[in-house]
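To start, the structure itself, in structure tokens.
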Amino acid sequence: MSGNAGEHTCIYHQWCYSFDGRLRSIPFRRGIRGKGGFDPSFDMAAHGLRKLRVASVSGALFGTLADAVEPLEDYLGAPVLAQLRGLFDRPVTILGYNRQRIRGNWKLYAENTRDNYHASLLHEFLVTFWLDRSTQIGGVKMDPRHRHNITWAEAESDTAELAQEGYGAAHVRSNYLSLQEPELVRFRRERVDSLNIAITSVFSGAVFVQISNSLAVRQIRPRGIDEVEILQTTLGYADDPPDLTLHRLRQANLVGPAGLVSMEDGEAIEIAHRASHPDRDRTTVIELGGAGVISDRDYRVTDVPLRGFWSYYAELLGIEPSGAVR
Amino acid sequence: MTEGAAGGAAGDCLALYDLFAAYGALIDAAEFDAWLLCLPRPAPTTSCRARITNANCRAGLVYCDSRAMLEDRIRALREANKYNIHTDRHLIGLPRLTGEDGNAKLVEAPFAVYQTDQEGETRLFATGLYRDRIVVEAGGLRFRDKLVLLDTFAVPSLLATPL
């Protein structure tokens with residue numbers, strides 16, 4: 001469904017609102033023939049819609065219902081700002097949308113996009129078909145408060161021998177297969193950097209995804225405690241030549257609910273939710289890479305950005321233990 | 001039924017029914033090699049497309065524009081992807097001839113796919129419309145271009161096995 005409306009009218013009693021959220025008209029305000037209706041003291045101006053504070057980074061809109069917020073650029077921090085400005089350095093075009101309903105808590109998904117440890121273990125396609133390996137040069141980069149994260153990896157920055165040594169020693173699959181259609185995973189360098197993985201997670205519910213040449217924005221939409229919807233918008237650039245658009249359409253196979261790389265996340269989150277949900281009075285915390293300072297890392301077997309996420313979440317909810325690392 | 005392609009001419013309703021019946025039954029039986037026979041054989045001159053998508057989207061949840069990509073999908077399903085173990089059940093409505101394009105027939109058919117998990121619980125996974133180009137190849141009918149247009153545009157959990 002799509003289209004444009006000139007105003008917002010609620011079907012229930014036909015109260016009508018303007019685009020800026022002001023209440024413009026209500027039926028039978030004075031009643032009928034002097035009887036009924038609203039009290040003369042009824043103040044239209046006091047019954048508008050709650051307004052979002054909105055700010056933009058190169059056309060990407062961010063909104064909040066909070067009254068007092070720091071400026072968006074401060075909130076995002078320099079690394080995320082630079083990443084988004086690079087991603088949106090020219091007009092984008094929307095190639096499609098998809099939605100995925102996962103029967104798990106939304107924070108498990110927020111963790112998932114920050115969790116580097118799982119990527120090449122759960123998503124065996126990455127390693128099986130030689131797209132992304134933990135032996136590549138890569139790491140994690142966060143904002144000063146560590147609430148956001150960029151997971152990055154450089155294309156072709158390791159060798160087959162190095163990968164086989166690393167995965168073989170860990171008794172993880174390292175017998176690589178080849179695709180009949182190698183374009184599916186071929187990385188075409190588009191920028192000055194050579195990142196073939198750049199996953200930017202913005203607290204609380206936005207993820208900007210580049211996997212090879214597939215580009216997408218994901219919104220994490222909680223649907224209660226036990227379900228989350230991931231709304232993904234698949235992007236290209238308005239000035240993409242037709243062969244690059246086709247390449248992106250092919251590589252869209254990698255991401256989303258049917259993604260060759262990403263489909264497992266739906267299952268993993270549901271399993272984690274089912275397993276942890278009954279034990280609400282217990283906690284299990286295992287910190288990969290140890291406790292201590294939360295900081296950027298130039299290696300890939302780490303989940304330190306998860307600690308940043310939880311630290312900020314705890315601060316927002318006022319449940320941060322005293323002396324906690326931020 | 002294990003034959004991928006149905007015999008007969010494209011205008012032959014029974015052959016058409018047989019093609020759709022084979023398509024659904026082979027997925028439900030996880031006989032993906034036989035299922036691929038519903039599509040044109042790989043050859044430099046034949047192409048085929050199979051897409052699973054929402055209305056008005058160019059990008060699909062699945063976008064294969066060659067037999068090779070479809071075979072890669074099946075290989076990934078078997079060798080790499082991890083997903084909820086389940087049984088699919090396709091209920092495919094009667095196909096409707098909507099037009100012709102050269103020697104291809106344009107055909108639509110509604111479908112519903114139910115999934116049953118290991119606990120025996122069944123849920124409706126997706127409904128939608130197949131919008132297909134069907135050609136005669138090697139004496140049988142095959143899908144040249146298969147578009148799976150989803151009504152269910154919010155995918156429950158994940159989509160691993162073909163629709």
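None of the values given here were measured: they were computed from a predicted structure. Chain letters run A, B, ... following the sequence lines, proteins first and then strands; every chain starts at 1.
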Review point. Side chain, backbone, both or neither: which part of A:Ser262 has a heavy atom under 4.5 Å from chain B?
Key: neither

Practice item. Just give me the residue among A:Asp265, A:Ile269, A:Val255, A:Leu246 that pairs up with chain B most often, heavy atom to heavy atom, under 4.5 Å. Key: A:Leu246

Point to revise | Heavy-atom side-chain contact between A:Glu190 and A:Tyr237 under 4.5 Å | key: yes

Exercise for review: Name the member of B:Leu77, B:Val62, B:Leu61 that forms the most heavy-atom pairs with chain A at distances under 4.5 Å.
Suggested key: B:Leu61

Check your understanding: Parallel, tilted or perpendicular: which describes the rings of B:Tyr130 and B:Tyr23, with under 30° parallel and over 60° perpendicular?
Key -> perpendicular

Practice item. Would you please say whether a donor-acceptor pair under 3.5 Å links the side chains of B:Ser157 and B:Arg123? Key: yes

Review point. Quick one: are B:Arg67 and A:Gln180 in side-chain contact, heavy atoms under 4.5 Å?
Key: no

Check your understanding: Hey, which of A:Ile94, A:Asn98, A:Ile102 has the most heavy atom pairs under 4.5 Å with chain B?
Key -> A:Asn98

**Study point:** Heavy-atom proximity to chain B below 4.5 Å, by part of A:Glu270
**Key:** side chain

Review point. Under a 4.5 Å heavy-atom cut-off, does chain B meet the side chain of A:Glu229, its backbone, both or neither?
Key: side chain

Check your understanding: Which one of A:Arg250, A:Arg189, A:His247 satisfies the side-chain hydrogen bond (donor to acceptor under 3.5 Å, both in side chains) criterion with A:Asn213?
Key -> A:His247

